[in-house]
Amino acid sequence: MRVFVTGATGFIGSAIVRELITAGHKVLGLARSEAAAASLAAAGADVHRGSLEDLETLRSGAAAADGVIHTAFIHDFSKFKDNCETDRRAVEALGAALVGSDRPLIVTSGTGLLTPGRLAIEENAAASGSTSIPRVASEEQQLRWRRVA
């Protein structure tokens, strides 16, 4: 299986890339810098140059894969709300490339969406339409694509 991974050199993404390659999968990793591209190549992944803001690059990466794992997020918290909207648009673009197929889209999210004191499982969801947690929009977008696909 060929998997497109955004955030492929980040904390979560790099661990996923290693696991996928070890399990015999091919990885196409999103890289926005030369350093990220070199790191991916050294790990044995194919490099797909682009960024979360470049929606066509995201669509083409997703279209070239059997599945997508989205772990990227812009960690400039002085622009958190804007970055959450960039993330939502990225999820929308990735999902659009997969519509009508049986290819999966997995989206990671922040632990800030979890309810304090409650065990976190896949069925937990943050309050829909939450304006106090703008990153909820990315999760809602992913769920819309899951229903369409």
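Pairs engaging residues 17-45 under the salt bridge (charged side-chain N to carboxylate O under 4.0 Å, His left out) rule: Glu34-Arg49 [sequence neighbours left out]. The stretch residues 18-37 participates, sequence neighbours left out, in no ring pair (Phe, Tyr, Trp, His ring centres under 6.0 Å) pair at all. The list of ring pair (Phe, Tyr, Trp, His ring centres under 6.0 Å) pairs with a residue in residues 33-61, not counting sequence neighbours, reads Phe4-His48. Sorted by first and then second residue, the pairs that involve residues 2-11 and meet side chain to side chain donor-acceptor pair (under 3.5 Å), not counting sequence neighbours, are Thr6-His70.
Within the 4.5 Å cutoff, the side chain of Val3 has no heavy atoms near those of the Val68 side chain. Put simply, the side chain of Val27 does not reach to within 4.5 Å of the side chain of Asp46, judged on heavy atoms. In this structure the side chain of Leu20 reaches within 4.5 angstrom of the side chain of Ile69, judged on heavy atoms.
Taking the charged nitrogens against the carboxylate oxygens, Glu85 and Lys81 have no contact shorter than 4.0 Å, which rules out a salt bridge.
We find the CG-CG distance between Leu52 and Asn83 to be 9.0 Å, quoted to the nearest 0.5 Å.
Contact detail for Asp66 and Pro104: the closest heavy-atom pair is O-CD, 3.4 Å.
By the 30° and 60° cut-offs, the orientation of the rings of His75 relative to Phe73 is perpendicular.
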Exercise. Begin from the C-alpha positions of Ile16 and Thr71 and carry the test side-chain contact (heavy atoms from CB on, under 4.5 Å) through to its verdict.
Key: CA-CA 9 Å; Ile16 290 170; Thr71 69; 3.7 Å; yes

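Shown here are the side chain to side chain contact (heavy atoms under 4.5 Å, CB included) partners of Asp54, two or more places apart in sequence or in another chain: Ser51, Glu56, Thr57. Every side chain to side chain donor-acceptor pair (under 3.5 Å) that Asp76 has, sequence neighbours left out, goes to Ser78. Listed by chain and residue number, nothing satisfies the side chain to side chain contact (heavy atoms under 4.5 Å, CB included) test with Phe11 (two or more places apart in sequence, or in another chain).
At least one donor-acceptor pair under 3.5 Å links the side chain of Arg103 to the backbone N or O of Ala62.
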